[in-house]
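To start, the structure under review is shown below, and the notes come after it.
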Amino acid sequence: MKSVRVGCVKYLNARPLIRGWPGKVEFDHPSALCQRLAKGQLDVALVSSFEFLRNPIYRIVDDVSISSDGPVYSVVVAHRGEFSNIEEIELDPASETAVNLLRCLLAELGLTPRLTGAVPGSAESRRAHLIIGDQAISFRQKHAGEFQFWDLGEQWKKLTGLPFVYALWLIRPEVPDAKSIAQRLRGLRDQNLADIQVIVSDAVADAAGRNRKSRRNFSIVTTTSIFDSALELEKSKGC
């Protein structure tokens, strides 16, 4: 088991899905993990759901995903004014899921803003921009009165009535004993969700430099984000 090359996103909501893994874990941004898994540099990774759609050779680990059934809080477009009037949205290149989901939502709504690469330092500007993960949580707290936040999970739910799967564990087809690996990952999820308050406390302690009020808010949204990770991918065919 320890020889399995495991990759995981470096966001808070992934902690209940990987904490306690006995071997080495490579933490990276979602887009980088997709590339490494596709190249065979990793055996199993928690990656974008779009990676499986693009290359359906992998085995899916059943009943484990990072999902939301409505607002997700940490995948948003920060903007000013009416969303329908936005002319340009800067993208976060770290997330293939969020970028693809945004493209789908805009197309279904008949909106055609320009989608551009992020400019260094632009997160604090007046431009509309897509932000994800821990950065989105921090940004929302810091700029709550300055921006509006278009939550992609909420918009998907409104459009389809369905939950959305952002990330899931994928195992390369040549990896032996995939079922055993999948069972171990499900076991980690169960153990960590049973001990969720410890994980939340650790996450809050890691939020260095926050004042007391911010840490309290951070704890609340972290709990919400982590519990979203427990939603099951019920209709997958995998391990």
Side-chain angles (χ1 to χ4, degrees), residues 9 11 13-14 29-31 33-35 38 46-58 60 64-119 122-123 125-137 139-140 143-144 146-170 221 224-225 227-238:
V9 292
Y11 300 134
N13 55 7
H29 294 294
S31 57
L33 290 173
C34 287
Q35 295 175 8
L46 185 66
V47 295
S48 167
S49 54
F50 282 87
E51 176 62 23
F52 183 78
L53 297 177
R54 177 171 49 233
N55 192 14
I57 64 170
Y58 305 103
I60 297 174
V64 186
S65 67
I66 294 179
S67 313
S68 70
D69 190 16
V72 67
Y73 197 92
S74 59
V75 183
V76 297
V77 174
H79 67 97
R80 289 182 168 93
E82 292 294 327
F83 188 82
S84 59
N85 294 334
I86 294 175
E87 297 182 353
E88 180 177 289
I89 301 175
E90 292 186 355
L91 303 178
D92 184 336
S95 174
E96 295 194 359
T97 303
V99 170
N100 282 303
L101 177 55
L102 177 61
R103 291 181 188 277
C104 291
L105 291 171
L106 293 174
E108 289 295 325
L109 295 172
L111 301 176
T112 57
R114 294 186 302 276
L115 303 180
T116 65
V119 177
S122 64
S125 75
R126 296 182 62 86
R127 296 185 181 94
H129 47 278
L130 174 67
I131 46 178
I132 67 168
D134 303 357
Q135 179 186 4
I137 295 174
F139 187 92
R140 292 191 68 159
H143 300 282
E146 304 171 46
F147 285 85
Q148 299 176 61
F149 298 97
W150 201 71
D151 188 300
L152 272 62
E154 180 180 14
Q155 298 302 322
W156 175 262
K157 180 70 173 182
K158 287 181 179 178
L159 184 66
T160 68
L162 300 171
F164 187 82
V165 177
Y166 299 88
L168 66 171
W169 286 110
L170 297 181
V221 298
T224 301
S225 185
F227 271 114
D228 280 339
S229 305
L231 292 178
E232 295 182 352
L233 185 62
E234 295 179 350
K235 295 184 179 180
S236 66
K237 294 181 179 178

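- Interatomic distance, I86 CD1 to R80 CZ, rounded to the nearest 0.5 Å: 11.5 Å.
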Could you go through the side-chain contact (heavy atoms from CB on, under 4.5 Å) check for V77 and F83 one step at a time? CA-CA 9 Å; V77 174; F83 188 82; 3.9 Å; yes

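- Side-chain contact check for T97 and S95: no donor-acceptor pair (N or O, by modelled atom type) lies under 3.5 Å.
- With hydrogens and angles ignored, the 3.5 Å screen pairs a side-chain donor or acceptor of N100 with a backbone N or O of E96.
- Taking the six-membered ring wherever Trp is involved, the centroid distance between the rings of Y166 and F164 falls below 6.0 Å.
- The two residues A136 and S74 come nearest to each other via the heavy atoms CB-O, 3.5 Å.
- Shown here for G70 and S68, the closest heavy-atom pair between the two residues is O-OG, 3.1 Å.
- Among residue pairs with one or both ends in residues 103-118, those qualifying as side-chain hydrogen bond (donor to acceptor under 3.5 Å, both in side chains) are E88-R114; sequence neighbours excluded.
- To the nearest 0.5 Å, atom CD1 of residue I132 and atom CD1 of residue I137 are 11.0 Å apart.
- P163 is not listed as a side-chain neighbour of S67, based on a closest heavy-atom distance of 4.5 Å or more.
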Report the C-alpha separation of D69 and K157 in whole Å, then their side-chain angles, then the decisive distance to 0.1 Å, and conclude whether the side-chain contact (heavy atoms from CB on, under 4.5 Å) test is met. CA-CA 7 Å; D69 190 16; K157 180 70 173 182; 2.7 Å; yes

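- The distance from the CZ atom of F147 to the CZ atom of F139 is 4.0 Å, given to the nearest 0.5 Å.
- Between the side chain of H129 and the backbone N or O of I131 there is no donor-acceptor pair closer than 3.5 Å.
- Taking CG of L168 as the reference point, atom CD1 of I66 lies at 9.5 Å (rounded to 0.5 Å).
- Between V99 and L91, the closest heavy-atom pair is CG1-CD1, 3.9 Å.
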Yes or no on side-chain contact (heavy atoms from CB on, under 4.5 Å) for V72 and D151, after CA distance, side-chain angles and deciding distance? CA-CA 7 Å; V72 67; D151 188 300; 3.5 Å; yes

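- Remark: L102 CG to L152 CG distance equals 5.5 Å, nearest 0.5 Å.
- Residues P113 and L106 have side chains in contact (heavy-atom distance under 4.5 Å, counting atoms from C-beta outward).
- Nearest heavy-atom pair across A14 and L46 is CB-CD2, 3.9 Å.
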As a quick check of understanding, evaluate side-chain contact (heavy atoms from CB on, under 4.5 Å) for W156 and L101, giving each step before the final call. CA-CA 8 Å; W156 175 262; L101 177 55; 3.6 Å; yes

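- One distance of note links OG of S49 with CZ of R54; it measures 10.0 Å at 0.5 Å rounding.
- The two residues Y58 and A38 have their closest heavy-atom pair at OH-CA, 3.3 Å.
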